[in-house]
Amino acid sequence: MTISEHFKKDRADRYAFIATTIGVGTVVHSFKQTFAKYGDEPCTIQITSTGVAMIVSPEDKMVTMYVLTVKEAEKYLANCAMSMVLMAIIKKNMKNKLHILQNEIKY
């Protein structure tokens, strides 16, 4: 997998924040979803064991990565059996305000 220019230029600080605070984790859920920017070809959304969402374009490029909120996790995983452990991790991340800090801290 390659990294998009958007990820390199606009999301490098967020990646560094995630990698150094909670870690990227391992993929526990993966599914396809369409986004208007990419037309009919679906992107892959990967949810990791640390409560992170990774969006991969149809061209297999990492587009973005972010700490999930409970609302986002429930939306993404509405058709999946989300483990209690993953939900507890996402709630802990939110309690620590990581979903907010990921956009504020610059490296």
Side-chain angles (χ1 to χ4, degrees):
M1 177 185 324
T2 58
I3 297 172
S4 71
E5 288 300 312
H6 169 69
F7 192 86
K8 283 188 231 179
K9 293 179 180 176
D10 302 324
R11 297 297 178 243
D13 286 333
R14 185 185 294 168
Y15 170 74
F17 174 77
I18 289 170
T20 59
T21 56
I22 58 174
V24 175
T26 58
V27 175
V28 294
H29 294 286
S30 182
F31 54 95
K32 303 279 186 181
Q33 180 174 327
T34 58
F35 290 92
K37 179 178 180 178
Y38 296 101
D40 293 333
E41 212 171 337
C43 292
T44 303
I45 300 174
Q46 300 173 334
I47 308 298
T48 73
S49 57
T50 58
V52 172
M54 301 186 297
I55 311 299
V56 181
S57 75
E59 299 84 28
D60 202 33
K61 289 185 179 182
M62 176 71 71
V63 176
T64 194
M65 163 186 303
Y66 53 91
V67 179
L68 285 167
T69 64
V70 169
K71 186 175 180 179
E72 290 166 334
E74 288 173 343
K75 179 183 120 186
Y76 283 148
L77 302 169
N79 297 325
C80 301
M82 187 179 351
S83 75
M84 291 171 51
V85 172
L86 180 57
M87 184 55 86
I89 289 167
I90 293 168
K91 287 178 179 179
K92 179 181 175 190
N93 290 345
M94 286 188 71
K95 181 180 178 185
N96 292 329
K97 301 195 182 321
L98 300 183
H99 62 295
I100 297 168
L101 292 173
Q102 71 183 344
N103 296 318
E104 295 178 356
I105 294 179
K106 303 294 179 197
Y107 288 87

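We count residues from 1, following the sequence as given.
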Linking I/L/V/M/F/W/Y whenever their side-chain heavy atoms sit closer than 4.5 Å, directly or via other members, would [X] and [Y] fall into one cluster?
X      : Y     : value
Ile105 : Val52 : yes
Ile18  : Phe7  : yes
Tyr15  : Val27 : yes
Val63  : Ile45 : yes
Met54  : Ile3  : yes

Is there a donor-acceptor pair under 3.5 Å between the side chain of [X] and the backbone N or O of [Y]?
X     : Y     : result
Asn96 : Lys91 : no
Thr50 : Val24 : yes
Ser30 : Gln46 : no
Thr44 : Lys32 : no
Glu74 : Lys71 : no

Shortest non-hydrogen contact from [X] to [Y]?
X     : Y     : answer
Glu72 : Val67 : OE1-O, 3.9 Å
Gly51 : Ile90 : CA-CG1, 3.9 Å
Met94 : Val70 : SD-N, 3.1 Å
Asp40 : Thr34 : O-CG2, 3.6 Å
Met1  : Asp60 : CG-O, 3.3 Å
Arg14 : Thr64 : NH1-OG1, 3.3 Å

Gap between atom [atom2] of [Y] and atom [atom1] of [X] - 0.5 Å precision:
X      : Y     : atom1 : atom2 : value
Tyr66  : His99 : OH    : NE2   : 13.0 Å
Thr48  : Ile89 : OG1   : CD1   : 8.5 Å
Asp10  : Ser4  : CG    : OG    : 8.5 Å
His6   : Ser57 : NE2   : OG    : 11.5 Å
Gln102 : Asp13 : CD    : CG    : 11.5 Å
Met62  : Arg11 : CE    : CZ    : 13.0 Å

With a 4.5 Å heavy-atom cut-off, do [X] and [Y] have their side chains touching?
X      : Y     : value
Asn93  : Leu68 : no
Gln33  : Tyr76 : yes
Asn103 : Phe17 : no

So that I can tick it off, tell me whether Glu5 and Lys8 are bridged by a salt bridge, with the cut-off set at under 4.0 angstrom between side-chain N and carboxylate O. yes

For Thr2 and Lys61, test the side chains for any donor-to-acceptor distance below 3.5 angstrom and give the result as yes or no. no

